[in-house]
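Quick notes on the structure that follows.
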Amino acid sequence: MYSAGTTMTDGDYDYLIKLLALGDSGVGKTTFLYRYTDNKFNPKFITTVGIDFREKRVVYTANSPNGTTGKTFKVHLQLWDTAGQERFRSLTTAFFRDAMGFLLMFDLTSQQSFLNVRNWMSQLQANAYCENPDIVLVGNKADLADQREVQEKQAKELADKYGIPYFETSAATGAEVDKSVITLLDLVMKRMEQCVDKPTADGHNGEGTSKLDAAPAHEKKCAC
Amino acid sequence: MDLSLLKALEREKVLEVLHRDKILRSMEEDRIRRLKVELQDLRRRGAKSISRQYGERTCARCQKPLGRFWNTGAVCLGCSHRICGRCRVFLTRRFWRCTVCHAYREVKVKSGEWFLEERGKKFPHETAQHETIGEKLLKSHQRLGNISIVPPTPPPFQDVAKLSFSRSGNFTSSPLTKSMEDLVMSFNSHIRRISKSQSDLRADLLTVNYDRTISMSKSQSDTAISTAFILNKGPSLSNIFKKFKEWEQQTSKSLSSGALTDRDTSLSSGETRGSNSSIETDADSSGNPSVTGEIEIALAYSFNTSCLEILISACKNIMFGGFKQRKCHPYVKVYLLPDKSSGSKLKTTTKKNTTDPVFKETLQYSVERHLLASRTLHVSVWHSETLKRKFFIGEVLIPLEGWRFEDSSTKSPAWYPLQPKSDGGAVDQVVGLLLVKVKFSNPKHTSDSCSVSHEAGQLTVLVTGVQNMTGSKSGAAFVKGSLTLPGGQILSQRSPVVKKKSNLKWALQLVFSKVTLHELKESVLHLDLWDQATFSLSERLLGTARLQGAPSWQALQQMPSVWHSFSLALCTSINTRKP
Ligand SMILES: Nc1nc2c(ncn2[C@@H]2O[C@H](COP(=O)(O)OP(=O)(O)O)[C@@H](O)[C@H]2O)c(=O)[nH]1
Ligand SMILES: [Mg+2]
Ligand SMILES: [Zn+2]
Ligand SMILES: [Zn+2]
C-alpha cells in the first residue's frame, strides 16, 4: 500500500501532510520518527531542542468506495518532532495548530508518561486545528517487556474512550512503527475527503442520493 | 554549562529548523501555484463562451448541445450548470461533479485549503490564517534583528523611487517614525501571542543581533522599509485564496457551504478591520455620487425550458458621475448570484446618448427552478465610455427566494429604483487601500483666488503606498492613472515600476496637465494598481481606486497648491474592467 519515495527536493508530490509527535520527554518521539523515516535506531538520548521535523515521501493508495484499490498519490510527509519538556511548552504547543494529525506517544515502561496522556489530550483540544483532530495513541518501547509498567488493556481502554486507534511500538525493533504512522495518514486523508465532500444543502444531484450522504456517521469526526 | 550560551545555541537550533521548514514551504507554494494554473486553464476551456447563448441547452463544459428528451444532461451540484454525461466525474457510483468542479475539489484537497478552512472555523479571529507558526516565528525573528540595528530615522525618499518631485512639507519624518512604532508594537504583540510563558525565549530574541540581518541591510533605510513591508504584505498564499474565493463564489453551493463562507467573512473582516475607518472617512469625504433613476424589469420562469427569463425593459432618469450627462451610453448587466463568473454574466446592448434608454431585451438563464431560491439577481446599469472604460450608474439586487414564478401576476414589469453599489452584493471586493496625495498647481498664479478655477494647470497625483493589501506577494508594481474630464476626454498616465519589496513608502508620480480646477470638480480619477510579476508573462491588475464626486475634490478646490491625502479603497476590477 505504501512505499518510500526517492527524491525529496522537488515539488513532485500530490499532498503535503503534516503530522506531529507529542508526549513526555524521553518516551521516544525522536527515536520513533528516526526509525520511521530512516529505518534506523539511535540508542542515544539527545534532547530535542524545542522543535524539529523529519520528512518522508510515501505512495498512498486510496481505496475506492467499492473496495477495489484506487488511484495512487505521492504524499510528502512532514513529521514534526516536539520537545516534551515543560520549558519549551509554549513553543511546541504553538506548532500544534499547523499539524493535520497527531502521534500521541507514551513510554510503556513509564506509568507517569501514560498518566500524562490526558494532559496532552487537553493540550491538543485547545491548540489543534479542530476540536477532534485525528490522533493515534502510541505506547512505545514495547521491546522492553520486563520493564513494562503500562498494560495493553489499560491503554486500549483509554484509546477507546477517546475513540482513537492504539498501537504498541518499538523504535528499537521497528515493530508497528510504520503501521501506526500509516494509520494516522489514512485517517487524515479520509478526513480531507470528507471535508470537501460534505453533503450539500441542496441535496441531490437529480439522479438519486449520493453515497456520501448515507455514509455511517461514526466515520465522520469532522465537524464540517 | 554557560546558560546564556546554551540559550543562544538553542535559538540557533530552532532557527535552523525553521529555515529548513521555509525551504519546504516554498516548494509547497510553488506546487500550489502550479495546481492553480492548471485549474485556471481547465476552467477557461470549460467556460461558457458566448453569454448570449446561455439560455440554450448545451453542456456547460464541452458546449455540446443537449437534447430535450435524450441526453438531456443533469445539473452539477457544484456549479448548478447543466452537464452532459461525458463531462462528469464520479466519486461514487451516483455521486458526481462536472469536470471543472471536480478539478476545483482536487485543488482544494491537494493544496491544503481544506485544513485552513477547518482551522478557520475553530479560530475565526486569527489574522493571517494561512501563515504557519514557523513562518510567523521566522518573520518576527528577522524583524527583530532588523529593528535592533535600524535607527528610527526616515529614509530619504530618493531611495524609494527615482522620481523627481518637489518635496513638500508633507514629507517629513513623521510618517515613517510612526510606522516604525507600529512595527515595534505589532511585533511585541506578535511575540506575546507566540510565546506566552516562554519569557526566556522572548528576552533572548529581543536582544539578539544577527549577522545575517546586518549583512542584509546594505542601506539601513532600505531595510527599514522592507522590514515594515513584511507587516503589510499580504499573506503569501492569498493570491491563491483570492482565486479560490472567486472559484468558491462560482461553485460555493455544494463544495463548502458553511465552511468557506465562514472563513471568508472572518478573513475579510479581519483584514479590513484596521482599514475600515479610513475607507469610511474616505467615503465621507468623497461622498458617493448620488445614484438616481429606475429600471424596469420583469421576471418569469419557463417551466418548459427550465429557464429564468429576465426582461430588461427600460431605464429612466439615470445619472453617471454625479451629474446628468448627455453623453451617456447605458447598458445593463446581469449576474445570477452567487455565481459571479463570466459564465453567469449577461448583457443588453448599449444604447447611445440617452439617460432614458429603452432596451426591451430578454436575458435567459438555464437553471432548475428549485435552485433559484438561493439565488439573487444582480442587475447593474453601466455607462460605456470606451471599449475599456465603463462607469457604474446604479444597481438593483433582487433576491429570488420566495419568488412566485407560478403566479402569472408576477410576470408584469416593475420599476426598481437604482441603488449605489452595495457592499453586500460583493461584486466589488476591497483588496486594500491606496494611499494617494493630490495637489493642483498653476504655473502662472500662486494665489488661491477663485479666478484660478478656470485656468489650466496640472494635477499631480502621488501614490505613496498601499495598506492592508491582500495578495501581491512580491515583484514589482506600477500605477496607471486616468482622469476622465466632464466632456468625456480621458487623460492617461503610467507611473514607473516600483519594487514592491521597497514598499510602504512609494513616490509614484502621475501628472495630468492642462486641466482646470473647475473641470476637476466633475472629473473621475481612476488609479489602477498593477502587479508586474517577476516570472509571469503578463501584468495583473490588483485593484482600482477611484476619486470622484464634488466632495472629494472640495479640499483641493479650496487649497489647490498643498498636498491632500486620501486613502482610497482598492477594489478588484470585476466591475470596472469586465462589466
Ligand atoms: N529500548 C528502546 N529504547 C527506546 C525506544 N524508543 C526510544 N528509546 C530510547 O529512549 C530514549 C529517549 O528517546 P527519544 O527519542 O530521545 O525521546 P523523546 O524525548 O520522546 O524524543 C533514547 O535513549 C532512546 O534510545 C524503544 O522503542 N525501545
Ligand atoms: Mg526528542
Ligand atoms: Zn459536456
Ligand atoms: Zn460543476
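Values below: every heavy atom of this structure, side chains too, minus hydrogens, waters and symmetry copies.
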Item checked: B:Lys110 versus chain A, the contacting section by heavy-atom distance below 4.5 Å -> both
Note to self: Could you tell me if the side chain of B:Glu28 sits less than 4.5 Å from the side chain of A:Gln78, heavy atoms only?
What the structure shows: no
Notebook entry, point to check: Heavy-atom distance under 4.5 Å between the side chains of A:Tyr13 and B:Met27, does that happen here?
Noted result: yes
Notebook entry, point to check: Judged by modelled atom types alone, do B:Glu117 and A:Tyr129 share a side-chain donor-acceptor pair under 3.5 Å?
Noted result: no
Notebook entry, point to check: Any side-chain heavy atom of B:Val17 within less than 4.5 Å of one from A:Trp80?
Noted result: yes
Check: With a 4.5 Å heavy-atom cut-off, do A:His76 and B:Leu24 have their side chains touching?
Finding: yes
Margin query: If the threshold is 4.0 Å, N to carboxylate O, is there a salt bridge linking B:Lys121 and A:Glu131?
Written below: no
Note to self: Heavy-atom cut-off 4.5 Å, strictly under: side chain, backbone, both or neither for B:Arg20 against chain A?
What the structure shows: both
Checklist line | Given A:Asp98, A:Thr93, A:Ile51, the one that forms side-chain contact (heavy atoms from CB on, under 4.5 Å) with B:Ile133 | finding: A:Asp98
Item checked: Nearest heavy atoms of A:Phe95 and B:Leu18, plus distance in Å -> CZ-CD2, 3.9 Å
Check: If you check every heavy atom in residues 14-27 of chain A against those of chain B, which residues fall under 4.5 Å?
Finding: A:Asp14, A:Tyr15, A:Leu16, A:Lys18
Note to self: Could you tell me if the side chain of B:Leu137 sits less than 4.5 Å from the side chain of A:Leu91, heavy atoms only?
What the structure shows: yes
Margin query: If you define the side chain from C-beta out and look only at heavy atoms, does anything of A:Asp52 sit under 4.5 Å from B:Lys13?
Written below: no
Margin query: For B:Leu35, which atoms come within 4.5 Å of any heavy atom of chain A: side chain, backbone, both, or neither?
Written below: neither
Next item on the list: Using atom types as modelled and distance alone, determine if a side-chain donor or acceptor of B:Arg119 lies under 3.5 Å from a backbone N or O of A:Arg97.
Entry: yes
Note to self: How long is the straight-line distance from CD of B:Glu118 back to CE of A:Met192, given to the nearest 0.5 Å?
What the structure shows: 12.5 Å
Notebook entry, point to check: Checking heavy atoms, do the side chain of A:Ala83, its backbone, both or neither come under 4.5 Å from chain B?
Noted result: neither
Next item on the list: Check whether any side-chain heavy atom of B:Trp114 lies under 4.5 Å from a side-chain heavy atom of A:Arg191, and answer yes or no.
Entry: yes
